[in-house]
Amino acid sequence: MQYEILLYFIIFLYGTVFGSFLNVLIYRLPLKENIATEHSHCMTCGEKIQWYDLIPLVSYIILGGKCRHCKAKISPQYPIIEATNGIMYVIVFLVHGFNLVSILMCFAFSIFLVISVIDWRTFEIPFSLNVAIGVLGVISGFMLVCLFIGRAIKGIDAFGGGDIKLMAFAGLFLGWKCIILAFLIGCILGAVIHSIRMKVTNAEHVLAFGPYLCAGLTIAMLFGTNIINCYLSLMG
């Protein structure tokens with residue numbers, strides 16, 4: 001029990017550290033600033049921020065939410081994003097366990113968080129973030145193809161009544177074309193990921209198909225029309 005608590009605490013720390021980077025993305029991407037080479041600086045006085053003032057959550061508390069140099073107030077967005085990202089990382093691992101799928105979901109949530117804040121502020125979504133989501137989708141798709149093959153060989157029935165109801169109701173929202181795409185993506189994701197889980201973590205053969213279908217639904221909802229149009233253009 002103590003080991004698990006420590007492990008989740010470490011995951012939270014990783015989440016806050018990555019959350020600190022998310023704040024950089026939120027501020028710099030809309031301004032087209034370099035996110036890799038430019039040093040962190042105060043948004044008011046422009047003074048370079050030293051490493052000891054960049055510790056997630058801790059530095060904000062120690063500094064009282066103010067710049068060390070000009071004493072200007074630091075936006076509470078910084079600790080909020082860091083804490084939110086850390087908490088969500090813990091929740092993802094609590095729900096889905098310690099596996100590669102959880103890692104991908106954490107990255108996906110972080111991207112969604114950045115998109116949400118930037119879009120809220122600027123009414124625009126940076127194209128680079130859409131590309132990042134696409135890369136995660138490609139990685140997930142590759143994993144799930146392997147899983148699909150593994151499950152096909154084992155002949156395991158994974159599609160239950162609840163899954164059918166989920167797809168039926170979701171189809172009312174997405175339409176028949178996107179629901180078919182979502183189902184195919186869900187099958188690929190479920191096959192690859194669960195096969196890896198069975199090999200790596202000795203997970204049971206019984207597959208909870210819902211999360212993979214939800215992932216397929218999300219992808220179809222966001223990119224379904226473009227994917228279908230691209231496919232039809234290739235076929236034509």
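Along the sequence shown, the residues carry numbers beginning at 1.
Residue Leu129 holds its CG atom at 12.0 Å from CD of Glu124, rounded to the nearest 0.5 Å. With rounding to the nearest 0.5 angstrom, the CD1 atom of Ile5 is 12.5 Å from the CD1 atom of Ile10. Here SG of Cys67 is found 7.5 Å from CD of Glu47. Values are rounded to the nearest 0.5 Å. Asp53 CG to Arg68 CZ: the interatomic distance, rounded to the nearest 0.5 Å, is 4.0 Å. The CG atom of Leu217 lies 9.0 Å from the CD1 atom of Ile185; values are rounded to the nearest 0.5 Å. To the nearest 0.5 Å, atoms CD1 (Ile11) and OG (Ser102) are separated by 8.0 Å.
The main-chain N or O of Ile55 is never found under 3.5 Å from a side-chain atom of Ser20 such that the two would form a donor-acceptor pair. When atom types are taken as modelled, the side chain of Glu82 and the backbone of Leu57 share a donor-acceptor pair closer than 3.5 angstrom. In this structure, the side chain of Thr16 engages the main chain of Leu13 through a donor-acceptor pair within 3.5 Å.
Cluster annotation: Leu181 is connected to Leu222 through the hydrophobic network of ILVMFWY side chains, with a link wherever side-chain heavy atoms come within less than 4.5 Å. Placement of Phe107 and Val90 within a single hydrophobic cluster is found when ILVMFWY residues are connected by side-chain heavy-atom separations under 4.5 Å, directly or transitively. Linking ILVMFWY residues whenever their side-chain heavy atoms come closer than 4.5 Å, directly or via other members, leaves Val114 and Ile80 in distinct clusters. Linking Ile, Leu, Val, Met, Phe, Trp and Tyr residues whenever their side-chain heavy atoms come within less than 4.5 Å places Ile87 and Phe112 in a single cluster. Under the 4.5 Å side-chain heavy-atom criterion for Ile, Leu, Val, Met, Phe, Trp and Tyr, Val24 and Leu63 are members of distinct hydrophobic clusters.
In this structure, the ring of Phe109 has its center no less than 6.0 angstrom from the ring center of Tyr89.
Of all the heavy atoms in Cys45 and His69, the pair that sits closest is SG-CB, 4.4 Å. In plain terms, the two heavy atoms of Pro30 and Ile26 that are nearest each other are CD-O, 3.2 Å. Contact between Pro76 and Tyr60 at its shortest, heavy atoms only, is CA-OH, 3.7 Å. In plain terms, the two heavy atoms of Cys70 and Cys42 that are nearest each other are SG-SG, 3.8 Å. What you find for Met105 and Val92 is that their closest heavy atoms are CB-CG1, 3.8 Å.
Side-chain contact between Ser59 and Leu54 is absent, with no heavy-atom pair separated by less than 4.5 Å. A 4.5 Å side-chain heavy-atom check between Ile125 and Ile118 finds every atom pair outside the cut-off. Contact check for Leu25 versus Leu22: side-chain heavy atoms found under the 4.5 Å cut-off. Looking at Phe93 and Cys106, their side chains come closer than 4.5 Å, going by heavy atoms from C-beta outward. The shortest side-chain heavy-atom distance between Ile91 and Met88 falls under the 4.5 Å cut-off. The shortest side-chain heavy-atom distance between Tyr14 and Val17 does not fall under the 4.5 Å cut-off.
A side-chain donor-acceptor contact under 3.5 Å links Ser110 and Asn85.
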field: Ser40 vs Gln50, side chain to side chain contact (heavy atoms under 4.5 Å, CB included): CA-CA, chis, key distance, verdict
entry: CA-CA 8 Å; Ser40 297; Gln50 301 298 325; over 6 Å; no
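With Tyr27 as the aromatic partner, Arg121 meets the cation-pi criteria of under 6.0 angstrom to the ring centre and within 45 degrees of the ring axis.
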